[in-house]
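Remarks on the structure that follows.
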Amino acid sequence: MTMRIAIAGGGLGGLTLARVLHRHGIDAVVYEREESRSARSQGGMLDLHPESGQQALADAGLTGRFRSEARPEGEELRILDPAGRTLVHHRPQPGSFSGRPEIDRGVLRDLLLDSLPADTVRWQHRLAAATPRPGGGFDLTFEGGPSAGCDVLIGADGARSAVRSLLTDATRSAVATLVELSIDDADRRHPELAELVGPGNLWCIGVSRILAAQRLGNGGIRVGISLPADDRPIDDYRGKRALLDIFDGWSPTLTALIEAGDDAPTPRRIEAMPATTRWAHQPGITLIGDAAHLMPPVGEGANQAMLDGAELAAELAADPADPDSAIRAYEEAMFARIHPIAEMSARVQAMMLAPTAADDIVRFFTRRPAEPAPVD
């Protein structure tokens with residue numbers, strides 16, 4: 001009997017899982033809540049790490065397509081103080097893919113979608129409930145009434161995962177507030193801001209606040225404002241005037257990034273789960289990505305989600321007749337891999353919004369390699 005695999009969530013982790021399974025001749029169905037691949041913007045750029053995101057794409061057979069779409073120049077990073085003075089300027093080696101080249105999230109998602117059979121993703125399927133069957137497997141119910149069944153259920157459904165509660169009662173806690181704006185066609189409409197941001201990332205760091213911007217492959221600029229988590233109503237951040245007040249006294253050259261936003265600011269709470277989160281193995285079900293290990297967005301989330309998907313797919317393909325052993329092996333390896341990464345991400349998040357963030361981050365990026373050990 002063919003093993004029926006259901007993947008809840010069509011983000012980068014879920015699509016990577018489906019793609020690697022497909023390469024091994026194993027079908028899976030991806031249930032995605034969005035109406036279509038173009039239903040909403042997928043966000044800014046990602047830097048894909050060689051040991052995680054890039055490795056997952058290699059396992060998926062997509063390295064060539066990734067390199068045709070990625071932007072090594074996007075690794076360029078400038079860090080400024082509130083007066084606009086440069087603290088750090090990192091320039092990558094031109095054309096090199098040896099580091100962490102950037103790629104737009106939407107482009108990467110499309111790359112993965114295009115690598116799958118057309119009927120793999122079932123759009124407009126938001127999972128409402130998953131009920132274990134007495135003999136194994138799950139009955140799935142989706143908002144609006146549709147239902148389905150599966151032998152193996154994989155929760156790739158993000159921070160507010162519907163699958164997670166079947167395995168763990170781990171809670172999320174707010175670690176920051178992020179407010180985003182976008183600037184389209186920056187070279188033509190705002191050449192001074194295009195020059196300020198450059199081809200990669202710009203971080204303007206003050207006391208417990210960051211004004212950041214990144215260049216997108218389509219010529220736009222994504223602006224992000226990071227603030228400590230507080231009890232202030234989230235709607236308070238939906239106006240440009242309130243944001244400009246937060247950055248009162250900063251160089252107008254920098255706050256022009258806020259003023260140039262094409263639409264109203266979009267705020268959201270950034271949440272994380274405890275770094276020690278794990279669960280007892282249960283037959284026929286597991287989690288990947290943010291559903292498994294929600295971390296602050298400091299560069300690891302998407303990379304680890306994609307690696308989760310690739311590693312779980314490899315375990316399932318190694319012995320399709322024994323999915324429980326495959327899931328158990330995946331979980332043990334994933335827990336061991338993620339724990340130190342989640343702890344590191346929490347430390348970096350705290351450092352970036354600390355009162356001493358500018359000094360701490362400059363030291364982080366300019367620290368010298370460890371001195372060689374003395375030879376006896």
Side-chain angles (χ1 to χ4, degrees), residues 40-47 74 76-89 102 104-106 174-271 296-299 349 351-358 361-362:
R40 68 174 180 87
S41 169
Q42 296 299 305
M45 291 192 302
L46 293 170
D47 58 331
E76 182 166 336
L77 170 65
R78 291 180 63 203
I79 302 177
L80 310 182
D81 69 8
R85 293 184 292 263
T86 299
L87 303 176
V88 173
H89 192 176
E102 301 271 357
D104 286 18
R105 276 182 177 266
V175 296
T177 297
L178 176 65
V179 188
E180 294 181 303
L181 305 98
S182 60
I183 304 171
D184 294 332
D185 195 10
D187 286 308
R188 182 181 65 84
R189 297 173 58 230
H190 299 282
E192 71 289 350
L193 296 181
E195 182 178 0
L196 174 69
V197 176
N201 287 274
L202 174 73
W203 297 354
C204 311
I205 301 176
V207 176
S208 301
R209 63 205 59 201
I210 294 177
L211 173 60
Q214 59 177 195
R215 192 60 176 272
L216 305 180
N218 63 6
I221 293 174
R222 191 87 171 181
V223 179
I225 295 165
S226 296
L227 303 165
D230 57 26
D231 296 329
R232 187 173 176 177
I234 198 72
D235 287 345
D236 286 2
Y237 298 104
R238 297 189 187 279
K240 290 183 182 180
R241 182 68 263 163
L243 299 179
L244 290 169
D245 288 345
I246 290 171
F247 292 94
D248 183 42
W250 285 42
S251 168
T253 301
L254 306 182
T255 56
L257 288 164
I258 299 174
E259 294 175 322
D262 291 321
D263 299 309
T266 303
R268 59 189 172 96
R269 300 294 186 202
I270 299 299
E271 298 176 320
V298 296
Q349 174 70 35
M351 175 184 72
M352 293 184 72
L353 291 179
T356 56
I361 291 175
V362 168

Practice task
Could you tell me whether a side-chain N or O of Asp104 sits under 3.5 Å from a main-chain N or O of Leu216, the two making a donor and an acceptor?
Solution key: no

Exercise for the section: Measure the CD1-CD1 distance between Ile205 and Ile79 for me, rounded to the nearest 0.5 Å. Expected result: 5.0 Å

Exercise for the section: Identify whether the distance between the nearest side-chain nitrogen and carboxylate oxygen of Glu180 and Arg222 falls below 4.0 Å. Expected result: yes

Exercise for the section: Calculate, to the nearest 0.5 Å, the distance between atoms CG and CH2 belonging to Asp81 and Trp203 respectively. Expected result: 15.5 Å

Exercise for the section: Working to the nearest 0.5 Å, report the span between CG of Leu181 and CG of Asp263. Expected result: 8.5 Å

Handout entry: Nearest heavy-atom neighbours spanning Gly198 and Arg215
Key = O-CB, 3.4 Å

Problem - The single option from Leu178, Ile210, Ile258 passing side-chain contact (heavy atoms from CB on, under 4.5 Å) against Ile225 - result: Ile258

Exercise for the section: Kindly compute the distance separating CG (Asp230) from OG (Ser208), expressed to the nearest 0.5 Å. Expected result: 11.0 Å

Problem - Separation of Asp236 CG from Ile246 CD1 (nearest 0.5 Å) - result: 9.0 Å

Handout entry: Donor-acceptor contact below 3.5 Å, side chain Arg78 vs main chain Leu196
Key = yes

Practice task
Indicate the atoms forming the closest heavy-atom contact of Pro82 with Gly206, along with that distance.
Solution key: CG-CA, 3.9 Å

Show me the donor-acceptor pairs within less than 3.5 Å that the side chains of residues 264-271 make with the rest of the protein, sequence neighbours left out.
residue, atom, partner, partner atom, Å
Arg269, NH1, Thr177, OG1, 2.6
Arg269, NH2, Arg232, O, 2.3
Glu271, OE1, Arg160, NH2, 3.3
Glu271, OE1, Arg172, NE, 2.7

Exercise for the section: Taking the side chain as every heavy atom from C-beta outward, state whether Leu211 and Val223 have any pair of such atoms under 4.5 Å apart. Expected result: yes

Exercise for the section: Ignoring hydrogens and angles, tell me if any N or O in the side chain of Asp262 forms a donor-acceptor pair with the backbone of Asp184 under 3.5 Å. Expected result: yes

Handout entry: Exercise: identify the closest heavy-atom pair between Asp47 and Glu102
Key = N-OE1, 3.3 Å

Exercise for the section: Would you check if the side chain of Arg209 reaches a backbone N or O of Val207 as a donor-acceptor pair within less than 3.5 Å? Expected result: yes

Problem - Gap separating the CG atom of Leu193 from the CG atom of Asp187, nearest 0.5 angstrom - result: 10.5 Å

Handout entry: Nearest heavy atoms of Ala186 and Ile221, plus distance in Å
Key = CB-CD1, 3.6 Å

Practice task
Check whether any side-chain heavy atom of Phe247 sits under 4.5 Å from a side-chain heavy atom of Leu254, and report yes or no.
Solution key: no

Fill in the blank from the handout: Scanning both residues in full, the closest heavy-atom pair of Asn201 with Gly74 reads ND2-O, 3.5 Å

Exercise for the section: May I ask you to decide if Met45's main-chain N or O and Gln214's side chain share a donor-acceptor pair within less than 3.5 Å? Expected result: yes

Exercise for the section: Identify the two heavy atoms, one from Thr253 and one from Ala256, that lie closest to each other, and give their separation to 0.1 Å. Expected result: O-CB, 3.7 Å

Handout entry: Given Leu87, Leu202, Val88, the one that forms side-chain contact (heavy atoms from CB on, under 4.5 Å) with Leu80
Key = Leu202

Practice task
Evaluate whether atom CZ of Arg241 has more than 12 neighbouring non-hydrogen atoms of other residues, nucleotides or ligands under 6.0 angstrom away.
Solution key: yes

